[in-house]
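Atoms within a ligand are numbered from 1 in the order they appear, just like the ligands themselves. Basis for what follows: all heavy atoms, side chains included, without hydrogens, waters or symmetry-related copies.
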Amino acid sequence: MRAFIVDRYKKKGALRFGEMPEPALRDDDVLVEVHAAGLNLLDSKVRDGEFKLILPYRPPFILGHDVAGTVVRVGSKVRQCKPGDEVYARPRDGRIGTFAEFIAVNEADVALKPRNISMEEAASIPLVGLTAWQVLVEQAGLRKGQKVLIHAGSGGVGTFAIQLAKHLGATVATTASAANAAMVKELGADVVIDYRSRKFEEELSGYDVVLNSLDATTLEKSLKALRPGGKLISISGPPDPAFARGQGLNVVLRLVLRLMSAGIRRKAKRAGVDYSFLFMRADGEQLGRITKLIEDGTIRPVVDRAFPFEQLNEALAYIDTGRAKGKVVVTLK
Ligand SMILES: NC(=O)c1ccc[n+]([C@@H]2O[C@H](COP(=O)([O-])OP(=O)(O)OC[C@H]3O[C@@H](n4cnc5c(N)ncnc54)[C@H](OP(=O)(O)O)[C@@H]3O)[C@@H](O)[C@H]2O)c1
């Protein structure tokens, strides 16, 4: 089958478009014929070798974390899915590879694709949708009447998180450039702060939750927007000791991660704020709940650009600019 392959870790290195064997199907896997694959900055970071220690993929391997497609075969222990089902998924770590014509995915990571959206739109959802869900619902326990600041509202995570937070009944502030203000307002943001001309940390205070996906400076400034007892949840680092433990990392790596987050944990403690890092995980059951929110019109996908499969390297270069408005996908069928 045709696939985009990482032959060796290299910063901004082009993926090789080549032939790979069709994936072997395990008993609890479904084989998905890929119609569209979503791109994420995680793909760029894995390609660049930034995740080598935490996610040790051995080249050559197929990249890609988001898929929408049709089930063509199922393993002997599969109970929920059947051939012909239209599904989408963020395959679990260790089993990625959606930039290909086929991928075998554990049934537990798969959900039925929302009926009211296209394959391209569906492929844009799983990783960012699950991230927003795990930050806002699981980790923050965001409730009606609370206030949340979502950084980079015009990005992949931001466009989904704004809609989910509004659905949960929160007041939503977001940082975005002036050019994207109308888009994030339309998604439901109540307060939009142009990060190029204004200082969010001087305008916002008493917030219950901040979702940070930006740099260390923004992370630290976000403490000022939070009330004592508020939650600062970062998806762009630095990883905290709980994450290191959960990943089962060795003692040395655990110490390194502990040191990396020591500064922000100390400052958060001083402000009475709870700091945590979150690395999203595959979860077909949660994705099924997201399917319902999309089908009832609560959440809609925001796809910036769809590239033909053959132009995957160009699509990756586009997300690497950091200027995407919503999501970028490649189309196979
Ligand atoms: N830990 C996890 O599980 C997890 C999961 C998903 C993502 N992430 C990480 O989260 C980060 C964001 O991911 P993403 O996919 O949402 O990114 P993205 O879609 O590439 O974000 C691009 C958007 O960010 C906006 N932006 C850039 N700088 C900004 C700033 N200083 N303030 C406000 N907005 C800004 C850009 O708007 P302008 O063009 O107007 O600047 C653009 O619309 C990445 O580092 C990614 O790796 C982590």
Do any nitrogen or oxygen atoms of [X] come within less than 3.5 Å of a nitrogen or oxygen of ligand 1?
X: Gly153; result: no
X: Gly156; result: yes
X: Ser236; result: no
X: Lys327; result: no

What class does the angle between the rings of Phe277 and Phe243 fall in, given that below 30° is parallel, 30 to 60° is tilted and above 60° is perpendicular?
perpendicular
With sequence neighbours excluded, residues passing side chain to side chain contact (heavy atoms under 4.5 Å, CB included) with Gln286:
Leu130, Trp133, Gln134, Glu138, Arg281, Asp283
Residues at least two apart in sequence or cross-chain that pass side chain to side chain contact (heavy atoms under 4.5 Å, CB included) with Lys144, listed by chain then number, are none
Are more than 12 heavy atoms, taken from residues, nucleotides or ligands other than Arg198, located less than 6.0 Å from that residue's CZ atom?
yes
Report the part of Leu214 in contact with ligand 1, treating N, CA, C, O as backbone and CB onward as side chain, heavy atoms under 4.0 Å; options are side chain, backbone, both, neither.
side chain
With a 4.0 Å heavy-atom cut-off (strictly under), which part of Asp215 contacts ligand 1: side chain, backbone, both or neither?
neither
Return the residue, atom name and 0.1 Å-rounded distance of the protein heavy atom closest to atom 26 (N) of ligand 1.
Ala152 CB, 4.1 Å
Could you name the option among Phe277, Phe200, Tyr195 that has the heavy atom nearest to atom 32 (N) of ligand 1?
Tyr195
